[in-house]
There are 2 protein chains.
Amino acid sequence: MNAGRTARDRARAELTQEIKDAARRQLVAEGAERLSLRAVSRELGMVSSALYRYFPSRDDLLTALIIDAYDALGAEAEKVGRREQDPRSAWVAVCHAVRGWARSHPQEYTLIYGSPVAGYKAPQTTIQPASRVPILMIGLLAKAEEAGALASPEGAREPSGVLAEQVATIAELAPGVPAKVLTRAVMAWAQLFGLISFELYGQLVGTMDPADEFFADAMEQLADFVGLHAA
Amino acid sequence: MNAGRTARDRARAELTQEIKDAARRQLVAEGAERLSLRAVSRELGMVSSALYRYFPSRDDLLTALIIDAYDALGAEAEKVGRREQDPRSAWVAVCHAVRGWARSHPQEYTLIYGSPVAGYKAPQTTIQPASRVPILMIGLLAKAEEAGALASPEGAREPSGVLAEQVATIAELAPGVPAKVLTRAVMAWAQLFGLISFELYGQLVGTMDPADEFFADAMEQLADFVGLHAA
DNA sequence: CGCTGTCAAGAGCAGTGCTCTCGATTTAGC
DNA sequence: GCTAAATCGAGAGCACTGCTCTTGACAGCG
């Protein structure tokens, strides 16, 4: 469990964590674009230039927070998903868990699923933690398929051309799941985040807000849509 | 067409428009949060403090741009919608128009449908232009219903409780359209913007990107989903 | 003509990200 | 154990930002 060999290494690791924690507090309180290195350094009682020994730029600090946020959401979703036996229940529970996490961590949600921070270019290191939840949900479809509890959607066209190739890359994660289900899964994925973003950013005010019942209804319909049988 | 009576009034109206135009250029080039009053004033050859005679704050300038963006998208969608006879074709065409506008005006799209700018609170004046597109799409459903071309979705539960009340407020815009269709319409609305945001913000990279075929397929399925018959 | 309201300009405040230099301290190699 | 190298926090400074306040000039109206 010894993080580093020398005292300096340990101190560095600890301080790095403290910086991230202070930055996260600021993020939660003020939002991503108001996250200020100088304010973080003030909170830690150090001078602003010292921060640059730990994070080369503000964007790098943001990247660290982004990865942490993806991992936190991924861990939460996986935990909830494991609790359910039946794939459909797990799918619906994961959807509700994602919404719950987004509502209790709106700034972190915005950081990863909102519009990108100006001038910020996400590095490759974020895509692995970013794919935890989608992989989890695709996995649930595969599990349902194995159990024979996945219906192939009616009326949907069989993907062809470029779309068929794209679906094929996803299909590697879920052998046996029909292509028509996979395109619907991506639709469902976007639907989930569209609804959450609308709710969080006030686009539903005046109509479906508060959205608890509407969201629950939508998630049931979405589970039907991707072919998950009701238990 | 005379904007103001005195020369001063006319100059003021012109300058206000010039400020908005310069600000929009900056928005397109740099993004909303990098929009700088000082840079706008530099471009116009005036001093920064003079801008405050026209827009009391940066947020007020943003509000003006937001309203313009909503109106531009709304006008575009309405134009495309009018070109189509059949409600389903119009619905699908409007969806594609929204995506097209978003792709050609990503910063303006982000301004109105992305995560809110930090500390910015949208004033009431934005909600009327914001509702042009949803009202248009609900109207298409009502038109289809009148023509007897709207199928009531199977498998969907009839809304009850709070949800039923919420749907009732929407139903005033679309008399005759079944409640089950209206909840699906809101889902479709969120689906559309979820997909566009995913595409714009790189969440589809590695899977469905480029998204043209996928988007087209999704929109057809979505039209089915809300009960619009294929022509 | 003179008053009043409007205007652009400029200085200034408090804040930002980031760079560079400067001693002090710790680590690592011999 | 001693020295050279790496690392560290501190501080000054640059080029920005939104915004406020004051000042002096000008236009419009009675």
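Within every chain, numbering begins at 1; the chains are lettered A, B, ... in the order of the sequence lines, protein sequences first and strands thereafter.
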Pairs under 3.5 Å (N/O, protein and nucleotides 21-26 of chain D):
none

What is the distance from atom CD of A:Glu33 to atom OG of B:Ser115, rounded to the nearest 0.5 Å?
-> 8.0 Å
In Å and rounded to the nearest 0.5 Å, what is the NE2 to CG distance from B:His105 to B:Leu73?
->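 B:His105 NE2 to B:Leu73 CG: 9.5 Å, rounded to 0.5 Å.
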Passing option when A:Cys95 is tested against A:Glu220, A:Met219, A:Gln191 for side chain to side chain contact (heavy atoms under 4.5 Å, CB included) |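 Exactly one option meets the side chain to side chain contact (heavy atoms under 4.5 Å, CB included) with A:Cys95, and it is A:Met219.
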Any base atoms under 4.0 Å from [X], or only sugar-phosphate, or nothing? Heavy atoms, all strands.
X       : answer
A:Tyr54 : sugar-phosphate
A:Leu15 : sugar-phosphate
B:Ser57 : sugar-phosphate

Check ion pair A:Arg12-A:Asp9 (N to O, under 4.0 angstrom) = no
Looking only at the side chains, is there a donor atom on one of [X] and [Y] sitting less than 3.5 Å from an acceptor on the other?
X        : Y        : result
A:Thr110 : A:Tyr201 : yes
B:Ser197 : B:Tyr109 : yes
A:Asp60  : A:Thr63  : no

Rounding to a whole Å, what distance do you find between [X]:[atom1] and [N]:[atom2]?
X       : N      : atom1 : atom2 : value
B:Leu51 : D:dT20 : CG    : P     : 13 Å
A:Arg38 : D:dG11 : CZ    : P     : 13 Å
A:Asp9  : D:dA6  : CG    : P     : 15 Å
B:Leu37 : D:dC19 : CG    : P     : 6 Å
A:Leu44 : D:dC8  : CG    : C1'   : 15 Å

Mind checking whether A:Phe198 and A:Phe214 have ring centres under 6.0 Å apart?
->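 No, too far apart.
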Counting just side-chain N and O atoms, does B:Arg42 come under 4.0 Å of either OP1 or OP2 of D:dT17?
->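 Indeed, a polar side-chain atom of B:Arg42 lies that close.
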With a 4.5 Å heavy-atom cut-off, do B:Val133 and B:Met137 have their side chains touching?
-> yes
Could you check which residues of residues 19-34 of chain B get a heavy atom under 4.0 Å from DNA chain C? Sort them by number, please.
-> none
Parallel, tilted or perpendicular: which describes the rings of B:Trp189 and B:Phe193, with under 30° parallel and over 60° perpendicular?
->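 Ring orientation of B:Trp189 relative to B:Phe193: perpendicular.
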Decide whether a cation-pi geometry holds between B:Arg99 and B:Phe215; the criteria are a distance under 6.0 Å from NZ or CZ to the six-membered ring centre and an angle within 45° of the ring axis.
->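 Flagged: B:Arg99 positioned over aromatic ring of B:Phe215.
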Name the first nucleotide and the last nucleotide along DNA chain C (5' to 3') that come under 4.0 Å of a heavy atom in chain B.
->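 Contact boundaries, 5' end first: C:dG5 to C:dG12.
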